[in-house]
Amino acid sequence: MDVILFGPPGAGKGTQAGVVSGLLAVPHVSTGDIFRKHLKQGTALGQLARSFMDKGALVPDEVVVDIVASRLDEADAGGGALFDGFPRTVRQAELLAQRLSELGRSVDGVLNLVVADEVVVGRLSGRRTCMGCGATYHVSFNPPSTLGVCDRCGGEVVQRKDDEEETVRARIETYHRETRPVLAWLREHSAVVDINADQSIDAVEAELRAGLAAMGG
Ligand code: ADP
Ligand code: ADP
Ligand code: ZN
């Protein structure tokens, strides 16, 4: 199955993606994670992406879609994928639909994490991310067992540059301007299940499980 995990930055997509992709038995494809990997490796793509990410702006559609298309060519994505942080513009959604249809596939469903802006600001400014494996934590809501150390890989847990308050505001504006309209497009083209993401991590997970079951996943 091909499923989109949709929602504003800070909604909890990355936090929930592992469980959802496990249930679907498809890989978790996060465009943000792919860009951060390139940044860490110092590739040209990483440099390009950084100039947009640091401002809270979107990386150009052609760049993002190329990356997703090559990710879909990898063997593990042959039976579907869980998209996180993609599509973020209507153009990306259209190009994804086109690429999937070339593969004889389509978007089977959308899990839409619904949460208010005030909640998202608190989540993003308290978010801490592992430099080693990308796992995310929160200073109050989901701290690692040892301060600054990743539970999963022992890596260093730090604040992402774009999680500083000023960039967080810009990212939320970008979301409302460019990404929110994608939801209306998705509602016209596939089954969208709305999930109340303003609950505990466990309660959101339970709603996602129910949503997936309803979707036939
Ligand atoms: P996204 O991938 O949608 O940007 P994340 O999964 O990284 O969001 O979550 C953003 C921040 O909020 C992280 O610090 C995470 O630990 C925290 N978080 C995620 N889900 C919840 C929740 N249900 N309640 C409280 N905090 C949460
Ligand atoms: P979050 O879920 O917290 O918003 P992501 O890790 O998904 O963060 O994205 C971080 C940044 O990477 C975005 O602010 C944007 O600059 C860039 N990015 C990620 N995915 C996309 C995409 N699909 N289209 C354009 N830019 C993207
Ligand atoms: Zn880690």
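Remember, it's 1-based here, ligands and their atoms both numbered in the order they're listed.
- No side-chain heavy atom of Leu5 sits less than 4.5 Å from a side-chain heavy atom of Val3.
- For ligand 1, the atoms lying closer than 4.0 Å to a non-hydrogen atom of Gly14 are 1 (P), 2 (O), 6 (O).
- Less than 4.0 angstrom separates some heavy atom of Thr15 from each of these atoms of ligand 1: 5 (P), 6 (O), 9 (O), 15 (C), 19 (C).
- Residue-ligand proximity, His138 to ligand 1, at heavy-atom distances under 4.0 Å covers atoms 14 (O), 16 (O).
- Not close to ligand 2: Lys55, with no non-hydrogen atom less than 4.0 angstrom away.
- Take a cut-off of 2.8 Å around the Zn ion (ligand 3): the protein N, O or S atoms inside it are Cys130 SG, Cys133 SG, Cys150 SG, Cys153 SG.
- From the protein, the heavy atom lying nearest to atom 1 (P) of ligand 2 is Arg171 NH2, 3.3 Å.
- For Leu58, heavy-atom contacts with ligand 2 shorter than 4.0 Å involve the backbone as well as the side chain.
- An N or O contact shorter than 3.5 Å links Ala11 to ligand 1 by distance.
- Only backbone heavy atoms of Gln199 (N, CA, C or O) come within less than 4.0 Å of ligand 1; its side chain stays farther off.
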Stepwise side chain to side chain donor-acceptor pair (under 3.5 Å) check, Gln16 with Glu205: CA-CA 7 Å; Gln16 303 289 347; Glu205 182 187 320; 5.8 Å; no
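- Heavy atoms of Gly10 approach ligand 1 to within less than 4.0 angstrom.
- Taking only nitrogen or oxygen atoms, main chain and side chain alike, Arg128 does not reach within less than 3.5 Å of ligand 1.
- Ligand 1 has Pro8 within reach: a non-hydrogen atom of the residue lies less than 4.0 Å from it.
- Polar contact check, Gly12 against ligand 1: a nitrogen or oxygen pair lies under 3.5 Å apart.
- Of all the heavy atoms of Ala203, none lies under 4.0 Å from any atom of ligand 1, so neither backbone nor side chain is involved.
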